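Report on the following structure.
Keep in mind it's a predicted model, so treat the numbers as computed, not measured. Numbered from 1 within each chain, the chains take letters A, B, ... in sequence-line order. For the numbers below, each heavy atom of this structure counts, side chains included, while hydrogens, waters and symmetry mates do not.
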There are 2 protein chains.
Amino acid sequence: MVTLKELAKQLNVSVSTVSKALHDAKDIGEDTKKRIKEAAELYNYRPNKTALALKVNKTNTIGVVVPDILNPFFAKVLHGIEEYATKKGYDTIICVSHEQLKKEAKSVDLMLQGRVDGFIISLSTETLSRQDFVHLDQINLNKKGLVLFDRTTSEIDCDKVVINDQKSTYDATRILISKKKKRIAFVSTIEDLSIGLLRKGGYQKALVDHGFEPDPDLVLDLTGSQHPHDLIKAFLSLHEFDAVISADNTSSLMFQSIVKSEKPELMDDIMLIGFSDEKSALLSYPRINYIDQKASKIGEKAADMLIQRLEDKGSENKPITFEMPFEIHIS
Amino acid sequence: MVTLKELAKQLNVSVSTVSKALHDAKDIGEDTKKRIKEAAELYNYRPNKTALALKVNKTNTIGVVVPDILNPFFAKVLHGIEEYATKKGYDTIICVSHEQLKKEAKSVDLMLQGRVDGFIISLSTETLSRQDFVHLDQINLNKKGLVLFDRTTSEIDCDKVVINDQKSTYDATRILISKKKKRIAFVSTIEDLSIGLLRKGGYQKALVDHGFEPDPDLVLDLTGSQHPHDLIKAFLSLHEFDAVISADNTSSLMFQSIVKSEKPELMDDIMLIGFSDEKSALLSYPRINYIDQKASKIGEKAADMLIQRLEDKGSENKPITFEMPFEIHIS
DNA sequence: TTGAAAGCGCTAACAG
DNA sequence: CTGTTAGCGCTTTCAA
């Protein structure tokens, strides 16, 4: 890696002259400018970002902490963040909390050590259940940017990007009702998350609002199960239903697959709605109906809000919570 | 963020005294040490990593470039890298090439500007088809570490982590043959990748080696198709087969789902083997048979090799290519 | 039009 | 035992 100094020596000029020339400062002679630029090109000079970061106290890096990168939702959000950040000239450092408060706090702490300008975080289950947010306070204390998404908390005052979880399943349930479905079941693998409960709440509220009494027997909780297939099979043989809402992106696929094997005759009558996206919906046949949370867009939006804060020095405005509209796809 | 300087001023000592005290240097008095450490604790001092990086010319950061983070394989590798790197005290910067040479090269170029100590890369389709590796040469030129994985090239001399793609499908096919399967089909959505061709090659070679003549009619190419379902349905109605090898992690799921709907009577006789992992295999019922590439382990291994190079100054040894053993799971 | 010098936060050799 | 100094690579006044 060539440095300014080395270039300067080569050209028999001073470091500052080289720096200015490369920045097209008007007080440098056209000829020297040209000479310097050619040399920079020749030696393939690249400014050292670390030095720059130290100098101007800005790393142009954003730190992302997610609970689980193997979860397609988070992978998609990450994708949106990375894409937008890159476009805006920011690097993206990622850390995974594995749903643990300790790891989350440690990640934040590490990145806080002058590595990033701001954070985009989705809180771990443990963080939310323990309601321990001191690491987030640290971020604010250090005057770094912070955007929370999806798994957020009202305890921390910062920008947020969320989806209306309750409304998503409410609307989905309403669609099923409008299709004359009478016994709508609910499956979930995320009953331990507040968004899981919100989604169940939306389902129940829709039922009540439309004159149905929620039947607890029609709620299947797969959370943490080692043998979800068996639970689903048992459920199939014990209960009658004509539609299913799934609270996550896996149980609907499992459910459909098992119904097709075990009760193929029911397939035409049972309507399923899960959470998914255009691409993943292709994995099943017939294509599953799905609520699209617009994960990539959530990532983009979060990155956008963060970068806005970082660059608009004037915007000491109050934090904003952006609600990303979801889409329900029925085929 | 408190700096050494500020701490020093508070305590009326010099910056270097503070620095040394915090590093437990033996030449600082126990009492001052204690005083300084307490103050550091009190003011929540954290060393600035950017300054450190500049000072010691080591960023403790590794740059990762993958073609597509939405592909579960890459997400898993990333997971392995992140986990291992974090454990070893390294940050992970990620960039996505979207299968484009230009983006890949740009990402490398950006990270080369003093941001990372080394790279872990899986090459984009375009990079491989154009055989353009100048950006990788740049890495070597700048004496940064480089580990390629999965999508590699023999043109570049560096550490690599691969799986034996041909052998994976060869073995899988052999298993099908041993189960008395006579007409084994092959589906793929990645015929445009060299690993896709290797996997097909393994399938074909196994057939030949066991006295079967590969039937081109039994090879279904879904690459780039907008309507894979239709192609699969057509295939089902046109051809007879008793087993299927899938070259990727999506087509096997689609295939199984469609067979169950369109030709349920065949389900018991058709044996499928795809690429997947323990968790994703649960999405289908009956659980699909799968080749597990050990993606997380590939990530770990790549990170391990890179960090080894970065820290073992002595190891100017020749580059190594590590072949990650795969596992075939038949249920 | 160019250069010298200071400083971002830190470490480490060398003095005191 | 503690402080002074130089320097990592860069930008940016201020002088020349």
Side-chain angles (χ1 to χ4, degrees), chain A residues 1-37 39-40 43-61 89 110-117 142-144, chain B residues 1-37 39-40 43-61 89 110-117 142-144:
Chain A
M1 200 91 272
V2 201
T3 68
L4 274 192
K5 205 180 176 180
E6 289 163 352
L7 266 187
K9 193 155 61 177
Q10 280 292 322
L11 298 169
N12 268 316
V13 289
S14 79
V15 177
S16 51
T17 305
V18 180
S19 172
K20 281 187 252 180
L22 294 176
H23 284 201
D24 251 331
K26 40 198 145 289
D27 57 352
I28 300 289
E30 278 308 325
D31 42 344
T32 32
K33 235 185 225 176
K34 188 153 166 263
R35 221 163 50 94
I36 290 173
K37 282 187 177 173
Y43 290 106
N44 194 32
Y45 167 78
R46 331 252 68 178
N48 183 315
K49 286 208 178 170
T50 303
L52 241 166
L54 183 60
K55 180 71 187 166
V56 302
N57 197 27
K58 179 140 194 320
T59 60
N60 265 266
T61 304
L110 282 172
M111 296 201 275
L112 217 36
Q113 307 179 15
R115 302 291 282 111
V116 306
D117 298 330
N142 284 282
K143 297 186 192 297
K144 304 289 182 191
Chain B
M1 200 90 275
V2 202
T3 68
L4 274 192
K5 204 179 175 183
E6 289 163 353
L7 266 187
K9 193 155 63 177
Q10 280 292 323
L11 298 169
N12 268 316
V13 289
S14 79
V15 177
S16 56
T17 305
V18 181
S19 173
K20 281 187 250 177
L22 294 176
H23 283 160
D24 251 332
K26 40 198 144 287
D27 56 354
I28 300 289
E30 278 309 324
D31 41 343
T32 32
K33 234 186 225 175
K34 190 156 165 258
R35 219 163 51 93
I36 289 173
K37 283 188 176 173
Y43 291 106
N44 195 31
Y45 168 77
R46 331 252 68 177
N48 183 316
K49 285 208 180 171
T50 303
L52 241 165
L54 182 59
K55 179 72 187 164
V56 303
N57 196 28
K58 180 140 195 318
T59 60
N60 266 266
T61 304
L110 282 171
M111 296 201 277
L112 217 37
Q113 307 179 15
R115 303 288 285 111
V116 305
D117 297 331
N142 283 282
K143 296 186 193 298
K144 303 289 181 191

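Distance alone, capped at 3.5 Å, is enough to place a donor-acceptor pair between the T59(A) side chain and the D117(A) backbone.
Around atom NZ of K58(B), more than 12 heavy atoms belonging to other residues, nucleotides or ligands sit under 6.0 Å away.
Using a 4.0 Å heavy-atom criterion, one finds that T3(A) contacts the sugar-phosphate atoms exclusively. Within 4.0 Å of V13(A), counting heavy atoms only, lie sugar-phosphate atoms of the nucleic acid but no base atom. Counting non-hydrogen atoms under 4.0 angstrom, N48(B) reaches the backbone sugars and phosphates but no base.
Note on S16(A): every side-chain N or O is 4.0 Å or more away from OP1 and OP2 of dA4(C). The phosphate of dG3(C) (OP1 or OP2) has a side-chain N or O of S14(A) nearer than 4.0 angstrom. Using a 4.0 Å cut-off, no side-chain N or O of K20(B) falls inside it from OP1 or OP2 of dC10(C). Residue K55(A) places none of its side-chain N or O atoms closer than 4.0 Å to OP1 or OP2 of dG9(C). OP1 or OP2 of dT2(C) sits under 4.0 Å from a side-chain N or O of T32(A).
The distance from atom CD1 of I36(B) to atom P of dC1(D) is 13 Å, rounded to the nearest whole Å. Rounded to an integer number of Å, the gap from L11(A) CG to dG3(C) P is 10 Å. Taking atom CG of residue L7(A) and atom P of nucleotide dT11(D), one finds them 12 Å apart after rounding to whole Å. Residue H23(A) contributes atom NE2, which lies 17 Å from atom C1' of dT2(C) at whole-angstrom precision. The distance between atom CG of D27(B) and atom C1' of dA13(C), rounded to the nearest whole Å, is 12 Å. Rounded to an integer number of Å, the gap from CG of L22(A) to P of dT12(D) is 13 Å. Between K49(A) atom NZ and dT11(D) atom C1' there is a gap of 16 Å when expressed in whole angstrom units. Put simply, CG on L54(B) is 14 Å from P on dA12(C), counting in whole angstrom units.
Residue A51(A) places its side chain closer to dC10(D) than to any other of dG9(C), dC10(D), dT2(D). When each of dT2(C), dT11(D), dC1(D) is scored by its nearest atom to the side-chain atoms of T17(A), the top-ranked nucleotide is dT2(C).
A side-chain contact (heavy atoms from CB on, under 4.5 Å) with V2(A) is found for exactly one of N48(A), L7(A), N44(A), namely L7(A).
Residues Y43(B) and Q10(B) have side chains that bring a donor and an acceptor to within less than 3.5 angstrom of each other.
Residue-to-nucleotide proximity on DNA chain D shows that, of V56(B) and K33(B), the 5′-proximal contact is made by K33(B).
At a threshold of 4.0 Å, the pair E30(B)-K33(B) counts as salt-bridged, since one of the basic side-chain nitrogens sits closer than that to a carboxylate oxygen.
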